[in-house]
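One structure below.
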Amino acid sequence: MSQSRPPVADPTPRVVVPAGTTAGAAVREAGLPGKGADAVVVVRDAEGQLRDLSWTPSADAAVEPVAANTPDGRAVIRHSCAHVLAQAVQQQFPEAKLGIGPPVRDGFYYDFDVERPFTPEDLRALEKRMKQIIKSSQRFSRRVLDSVEAAKAELKDEPFKLELVDLKSDVDTDEVMEVGGGELTVYDNLDPRSGDRIWGDLCRGPHLPTTKHIPAFALTRVAAAYWRGSEQNPQLQRIYGTAWESQEELDAYSERVAEAERRDHRKLGAELDLFSFPDELGSGLPVFHPKGGIIRREMENYSRRRHEESGYDFVNTPHITKGGLFHTSGHLPYYAETMFPPLSFEGEDYYLKAMNCPMHHLIFRSRGRSYRELPLRLFEFGAVYRYEKSGVVHGLTRARGFTMDDSHIYCTQEQAPGELRSLLAFVLDLLSDYGLSDFYLELSTRGDTGKFIGSDEEWAEATETLRQAAVDSGLELVPDPGGAAYYGPKISVQAKDAIGRSWQMSTIQVDFNHPKRFGLQYTAADGSRQQPVVLHRALFGSIERFFGVLTEHYAGAFPAWLAPVQVVGIPIADEHVEHLEQVAKALRERRVRVEVDTSDDRMQKKIRNHTTQKVPFMLLAGGKDVEAGAVSFRFRDGSQINGVPVDRAVELITEWIAGRENTSPSAESVRVEH
RNA sequence: GCCGCCUUAGCUCAGUCGGCCAGAGCGGCUCACUCGUAAUGAGCAGGUCGUCGGUUCGAUUCCGACAGGCGGCUCCA
């Protein structure tokens, strides 16, 4: 149908908009699509500014058409859809006051001040109303307000918008799309026939030409949100929605959401009998069941081995300490509210450990240290407890009790850059051994709040050292101003999982404050006393969180080397059990976790059970196999290899596990022949 | 911590507009079946309807507090 359209050779084709004509006309003239998923919805001018199709430059302007199915195009669709939502809300609830309504990842939201919170029924009614608005093809029309006074007069019934008008100089961000760019504009929704103004909103734009250009949307949930993101401000009711350039894309998005739900580690943790959160223990305190315990142990064991090989020393420290230690470190009183309240006895306040570093510093300080010992790398799987607010506790990824794979590296100033580089390489290498391979880095630097300790020079130097190490890694580096720890800047490694979600994994921090506070010293070659630099580093972040991330990454189908049960023998009939027990014995001798299913379920049922339990290798044996001294493989994906000689089967499974292969074995990937 | 929603058997969920013995599927246990690649059949057990308090002749059902969960906000050394 669209075959006559010329192929797009230039990735960013330009269209020239003649002076005094609209961008839309030029786009049409150029033969670019006006409807469908690749419809041009706005253009980008020479300054990079997005403009409405109704934009009319006063001089000829070369612009870049922006299609609906691009990140910018989708943002415009979503933002316009937010306006439609707001119009629907004010039709249905005339007393509702408007907050802000920006596009966000995969969708949009709009905040409202209403007398009572929205209900799910409200959402359904609003969706219906929005569909009518979209169908009526209202035109989005931009209007420049003459002055701040004019704006205030127009917005006299919208207290939050008024506030934005007064704040406009410092709210020109992507989040607040209402105002910006030096002038105040309103987008009116006009009736396509009469041109009457139906609704309007303070907004910097740009917008779609008409509401009909919103091809597919859905309202997804309601929540409360603080006005302008501050706990001090009133809470508004936020409605979230999603909008896409086509119904197919909306469906695909819904499918991604459903897939994420299926992978939810909290759900899989129960289904696969890995861990639970007993109410009796309290919120955020997990227990690991035997199968979860195996995965956890394998994760830890491999990490332990790699750390041993890389020159780390293993230490152990207690879970509780007198409060003085955390005063020395500076954690108290800054972070008192995120630590559990103290236990008072014998005239002392004892705190549950919220971080391991102070205790490691004490180990460093326990005797005189020589430069010959540096870098000294102390490592511990250290359990910590943090009083996370009740509303943020979330499965294994945000728990109140968890285990950090924590290490502190004490080195000289000169050693720090090299140590950081090799540390980062080590971290990325180890993470990829667990099957995560898509990384980017975030550099968290000092902010201007009072929580950061230490001098400007020290911060600048530490930040630069970290930045350099990050740049040397060749990975994408995203700045995170104000995100540093109070004692120093940090790099965090963000990993993307199998369905493209990012998780913060490792953090690496440079710390020049703790050495000072703890009076850490070593004797240098010239006999002088020097202060070491401390590098803090958690690789998994926390074992629990990494466990949760891996569970979701693999959708519960753990690599064979991590799987709680690696092999299950399934006899066709009872008389074949003996044969499988022999195979199991051989595997068990090679430390393979193997079971033979002797239950009186039918063979088909056993296959189903162990498939849903995501066992990587199922070994079936019937008369033919017994006779041939063989077994038949069935894999998670349903593929099979029949009649594999027992010796070869044992060898093959052992090799697969020892190779720490992270993909699921299948008839295609497993090679029977040598 | 804040806002909203939720909590019935091990799990997933019906149900009670306030009233005799609260149901189903899966799971568990028992028995029969011995089977060639995702659910064999029959039977049995299992619930103080999250906890505490209030209203009521009577509460699993209505109200409140608390705990736990879910979705957000805020926070995240």
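So you know, we letter chains A, B, ... as the sequences are listed, proteins then strands, and number each from 1. Just so it is clear, the values below take in all heavy atoms, side chains as well, and ignore hydrogens, waters and symmetry mates.
- No hydrogens or angles were tested; on distance alone, a donor-acceptor pair under 3.5 Å links the side chain of Arg634(A) to the base of A38(B).
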Distance-only criterion, 3.5 Å: show the donor-acceptor pairs between side-chain atoms of residues 619-630 of chain A and protein atoms not counting sequence neighbours.
| residue | atom | partner | partner atom | Å |
| --- | --- | --- | --- | --- |
| Asp625(A) | OD1 | Ser632(A) | OG | 3.0 |
| Asp625(A) | OD2 | Gly622(A) | N | 3.3 |
| Asp625(A) | OD2 | Ser632(A) | OG | 3.3 |

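- Side-chain nitrogen and oxygen atoms of Lys389(A) include none within less than 4.0 Å of the OP1 or OP2 phosphate oxygen of C2(B).
- Classification of the Phe112(A)-Tyr110(A) ring pair by plane angle, with boundaries at 30° and 60°, yields parallel.
- Glu388(A) comes within 4.0 angstrom of no nucleic acid atom, judged by non-hydrogen atoms across all strands.
- Between the side chain of Arg398(A) and the base of C75(B), a donor-acceptor pair under 3.5 Å is found.
- For Arg266(A) and C70(B), the shortest distance from a side-chain N or O to OP1 or OP2 is below 4.0 Å.
- Taking only side-chain atoms of Asp600(A), from C-beta outward, the nucleotide of G36(B), A32(B), G72(B) with the closest atom is A32(B).
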Could you check Thr611(A) against Gln613(A) for side chain to side chain donor-acceptor pair (under 3.5 Å), going step by step and ending with a plain yes or no? CA-CA 5 Å; Thr611(A) 306; Gln613(A) 285 295 303; over 6 Å; no
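- Look at the C1' atom in both C21(B) and C3(B): the space between them is 42 Å, to the nearest Å.
- Remark: Ser390(A) is in phosphate contact with G1(B), judged by side-chain N or O atoms under 4.0 Å from OP1 or OP2.
- A39(B) is unpaired under the criterion used here, namely a Watson-Crick or G-U wobble arrangement in which both key atom distances are under 3.5 Å.
- The aromatic rings of Tyr486(A) and His331(A) sit perpendicular to each other, their planes meeting at more than 60°, with 30° as the lower class boundary.
- In this structure, Arg608(A) atom CZ and G36(B) atom P are separated by 19 Å, rounded to whole Å.
- Base engagement by Ala354(A) is indicated by at least one non-hydrogen atom pair under 4.0 Å involving a base atom.
- Rounded to whole angstrom, the span from the CZ atom of Phe635(A) across to the P atom of U37(B) amounts to 17 Å.
- Applying the side-chain hydrogen bond (donor to acceptor under 3.5 Å, both in side chains) rule to Arg386(A) yields no partners; only residues at least two apart in sequence or on another chain are considered.
- Contact check for Arg365(A) versus Leu362(A): side-chain heavy atoms found under the 4.5 Å cut-off.
- Annotation: G58(B) and G1(B) have their P atoms spaced 35 Å apart (nearest Å).
- The separation between Glu231(A) atom CD and C2(B) atom C1' is 7 Å, rounded to whole Å.
- Mapping Asp264(A) and Gln604(A) onto RNA chain B by nearest heavy atom places Gln604(A) closer to the 5' end of the strand.
- Residue side chain Asp625(A) reaches the base of G36(B) through a donor-acceptor N/O pair under 3.5 Å, judged by distance alone.
- Across all strands shown, A67(B) forms a Watson-Crick or G-U wobble pair, both distances under 3.5 Å, with U7(B).
- Pair check for G18(B) finds none; no Watson-Crick or G-U wobble contact set falls under 3.5 Å.
- The side chain of His394(A) places no N or O atom within less than 4.0 Å of a non-bridging phosphate oxygen (OP1 or OP2) of C76(B).
- Between G10(B) and G53(B), the two C1' atoms lie 30 Å apart (nearest whole Å).
- Each of G1(B), A77(B), G36(B) was ranked by its minimum atom distance to the side chain of Lys624(A); first place goes to G36(B).
- Put simply, the residue from Arg537(A), His514(A), His536(A) that forms a side-chain hydrogen bond (donor to acceptor under 3.5 Å, both in side chains) with His408(A) is His536(A).
- Taking atom C1' on both nucleotides, G41(B) is separated from C35(B) by 14 Å, rounded to a whole Å.
- Closest contact between the side chain of Arg602(A) and the listed nucleotides U40(B), A77(B), G1(B) involves U40(B).
- The base-pairing partner of U34(B), taking Watson-Crick or G-U wobble contacts with both distances under 3.5 Å, does not exist among the strands shown.
- The phosphate of G72(B) (OP1 or OP2) has a side-chain N or O of Arg221(A) nearer than 4.0 angstrom.
- Using cut-offs of 30° and 60° for the angle between ring planes, the Phe617(A) and Phe635(A) rings count as perpendicular.
- Contact annotation: side chain of Tyr226(A) to base of G1(B), donor-acceptor pair present below 3.5 Å.
- Base pairing of C62(B): its partner is G54(B), meeting the Watson-Crick or G-U wobble criterion (both donor-acceptor distances under 3.5 Å).
- Here Ala225(A) lies in heavy-atom contact (under 4.0 Å) with sugar-phosphate atoms only.
- Residue-nucleotide stacking is present for Tyr335(A) and A77(B), judged by a side-chain ring centre under 5.5 Å from the six-membered base ring centre and planes under 30° apart.
- For the C1' atoms, the distance from A22(B) to A14(B) is 10 Å, rounded to whole Å.
- Donor-acceptor pairing under 3.5 Å, judged by distance alone, is present between the side chain of Gln235(A) and the base of C2(B).
- With U37(B), G68(B), A77(B) as the candidates, the nucleotide lying closest to the side chain of Ser632(A) is U37(B).
- The phosphate of G69(B) (OP1 or OP2) has no side-chain N or O of Lys267(A) nearer than 4.0 angstrom.
- The separation between Trp227(A) atom CH2 and G72(B) atom P is 22 Å, rounded to whole Å.
- Going from the P atom of G25(B) to that of U40(B) covers 16 Å, rounded to whole Å.
- Mapping Ser230(A) and Glu575(A) onto RNA chain B by nearest heavy atom places Glu575(A) closer to the 5' end of the strand.
- Here the separation of A65(B) from C73(B), taken at their C1' atoms, is 24 Å to the nearest Å.
- Judged by distance alone, with hydrogens and angles left aside, Ser283(A) brings no side-chain donor or acceptor close enough to the base of A67(B) to form a pair under 3.5 Å.
- Nucleotide A77(B) holds its P atom 10 Å from the CZ atom of Phe402(A), rounded to whole Å.
- Picking from A77(B), U74(B), G68(B) the nucleotide with the shortest atom distance to the side chain of Val392(A) gives U74(B).
- Straight-line distance between the P atoms of G43(B) and C26(B): roughly 12 Å, to the nearest whole Å.
- Between Lys606(A) and Asp601(A), no side-chain nitrogen of the basic residue sits less than 4.0 Å from a carboxylate oxygen of the acidic one, so the salt-bridge criterion is not met.
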